[in-house]
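A short worksheet on the structure shown next.
Note that ligands are numbered from 1 as they come in the structure, with each ligand's atoms numbered from 1 the same way. Keep in mind that this is a model prediction, so the values were computed, not measured.
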Amino acid sequence: MDSFLIQGGTRLQGEVTISGSKNAVLPIMAATLLTADTCVIRRVPDLSDVRFMCDILKSLGAEVQFEDGTLTIRAALIRGHGDYELIRKMRGSICILGPLLARLRKAHVSLPGGCVIGTRPIDLHLKGIRALGAKLQIQNGYIRATARQLEGTMIFLGGRAGPTVLGTANVMMAATLAEGVTVIESAACEPEVTDLAHFLNSMGARITGIGSPTITITGVKELHGTQHEVIPDRIEAATFACAVAATGGEITIRGARPDHFHAVLDKLIEAGVKIDQRKSGMVVKPTSRLKAVDVTTLPYAGFPTDVQAQIMAFMCVVPGISVITERIFESRFMHVAELARLGADISIEGPSAIVKGGAPLSGAPVMASDLRASAALVIAGMTARGSTKVNRIYHLDRGYERMEEKLRRLGAQIERVEGE
Ligand code: EPU
């Protein structure tokens with residue numbers, strides 16, 4: 001397994017270009033199952049999760065080409081039975097359920113497991129699909145879904161922690177080919193869901209209320225091929241912003257959409273980071289007066305759970321006390337123990353982490369537990385004295401395109417050590 005070796009203490013300086021969004025492209029790839037025509041998707045990040053989704057689509061019978069950031073997918077003849085081992089490995093693959101059911105009226109998809117950030121149930125996905133008239137059976141680790149006809153209806157998709165991103169995506173995709181009108185209440189408003197809705201409309205779907213908590217889908221008989229450019233990855237952009245905030249220096253983030261992560265930018269500004277929108281991109285530079293801030297993760301447009309670990313790494317180096325509260329996933333604090341290895345002073349009280357920042361961090365070997373935790377450890381490692389080895393960075397490769405190359409170009413001393 002690859003690891004990163006980081007020599008800390010270097011300020012970041014220069015320009016970085018943001019890749020296409022992982023969490024937007026995965027459901028968009030699943031949506032190509034809704035048509036027999038060819039779909040062309042641009043600005044696709046080369047990530048292991050994307051490659052994984054390519055394999056899943058191929059296992060269903062689709063023709064998939066991925067070259068220079070462009071995906072060409074033709075799902076002319078497909079079957080509704082996905083490879084258990086492939087699907088089981090990636091939670092995002094649950095979003096093939098809606099499109100398969102809509103297109104074939106049957107789907108046989110393995111249940112995704114829990115993961116390190118929480119139990120991650122799929123009850124809301126199933127509730128929505130059932131409300132459209134499908135019969136569902138959970139058997140031998142599979143969801144078997146069948147429907148003679150999907151019919152539009154009113155579906156409330158709010159859950160314990162608010163709306164569900166992939167649940168909204170799944171139900172919205174299934175409803176595009178249902179008879180009549182479907183209204184999803186308490187729909188997720190994340191930009192990734194919005195991007196999917198625009199993709200579906202460009203295939204001939206009739207979706208309104210895009211980006212709002214009430215999405216209305218008027219079913220159509222069939223969808224056609226299309227071309228689409230994926231939105232930039234707001235989480236990657238936020239990660240680089242947190243990184244320079246923590247290390248010091250000044251970077252220009254090119255290609256990001258600031259309107260997609262206002263909550264993060266607002267917190268960074270509150271903490272004393274200067275952010276300027278220029279023609280060349282977003283210039284991010286911490287001032288000499290940094291202060292600790294409190295953060296609570298919330299559904300969009302609140303502070304994203306996917307940036308909680310990275311802002312915590314930043315707070316570790318800012319003098320003062322910061323309370324970071326996680327409201328989306330129940331156990332998304334696996335990075336805390338690893339940050340502590342670097343000398344961070346963090347205690348956990350229920351859903352909150354209390355960070356006493358400002359003590360210098362010192363390099364150590366650490367273990368990445370999930371994608372965003374890995375990013376936090378890289379940020380912390382870049383601020384620490386001495387060398388930090390971040391093990392198990394396959395998590396990072398799932399969601400950040402060539403992260404070490406991008407950081408090296410900004411002056412970081414980071415290298416990939418293969419196969420350890
Ligand atoms: N939930 C339920 N029932 C469901 C579905 C979700 O109770 O049927 C709960 C979850 O347990 C959680 C909350 O609802 O407490 C929100 O989960 P959501 O369904 O929105 O998460 P997701 O769609 O499975 C996506 C991203 C995650 C991101 C979350 C929240 C993808 C592939 N994944 O997951 O991204 O954290 O939305 O924004 O889009 C990451 O990129 O590192 C990542 C984990």
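Under 4.0 Å from ligand 1, not a single heavy atom of E330 appears.
For ligand 1, one of its N or O atoms has an N or O atom of I328 under 3.5 Å away. Geometrically, ligand 1 and R91 share no nitrogen or oxygen pair separated by less than 3.5 Å. Between F329 and ligand 1, no N or O atom pair is found at a separation short of 3.5 Å. Here's the thing with G162: none of its N/O atoms is less than 3.5 angstrom from an N/O atom of ligand 1. Every N/O-N/O distance between G167 and ligand 1 stays at or above 3.5 Å. Looking at ligand 1, you'll find an N or O of R372 within less than 3.5 Å of one of its N or O atoms. Checked by distance only, ligand 1 and T305 stay at 3.5 Å or farther apart across all their nitrogen or oxygen atoms.
Applying the 4.0 Å criterion to heavy atoms of K22 picks out, from ligand 1, the atoms 40 (C), 41 (O). Below 4.0 Å from some heavy atom of A161 lie the following atoms of ligand 1, by number and element: 13 (C), 15 (O). Close approach of ligand 1 to H125 is summarised as follows: ligand atoms under 4.0 Å from at least one heavy atom of the residue are 8 (O). Remark: ligand 1 atoms within the under-4.0 Å shell around heavy atoms of D306 are 27 (C), 28 (C), 35 (O), 36 (O), 40 (C), 41 (O), 42 (O), 43 (C), 44 (C).
Dense packing is recorded around CG of D259, with more than 12 heavy atoms of other residues, nucleotides or ligands lying under 6.0 Å away. Environment of NZ in K127: crowded, with over 12 heavy atoms of neighbouring residues, nucleotides or ligands closer than 6.0 Å.
In this structure, E192 has no heavy atom closer than 4.0 Å to ligand 1. Distances from ligand 1 to the non-hydrogen atoms of P121 include at least one value under 4.0 Å.
Looking only at heavy atoms of the protein, atom 26 (C) of ligand 1 is closest to N23 ND2, 3.6 Å. Remark: minimum distance from atom 44 (C) of ligand 1 to any protein heavy atom is reached at R332 NH2, 3.5 Å. Closest to atom 9 (C) of ligand 1, if we only count protein heavy atoms, is R160 NH2, 4.4 Å. Among all non-hydrogen protein atoms, the one lying nearest atom 23 (O) of ligand 1 is L166 N, 2.8 Å.
Ring geometry for Y142 versus H108: interplanar angle of 30 to 60°, hence tilted.
Checked options R402, R416, K22, R392; the residue passing with D397 is R416 (criterion: salt bridge (charged side-chain N to carboxylate O under 4.0 Å, His left out)). The only option from I96, I73, I28 that meets the side chain to side chain contact (heavy atoms under 4.5 Å, CB included) definition with M53 turns out to be I96.
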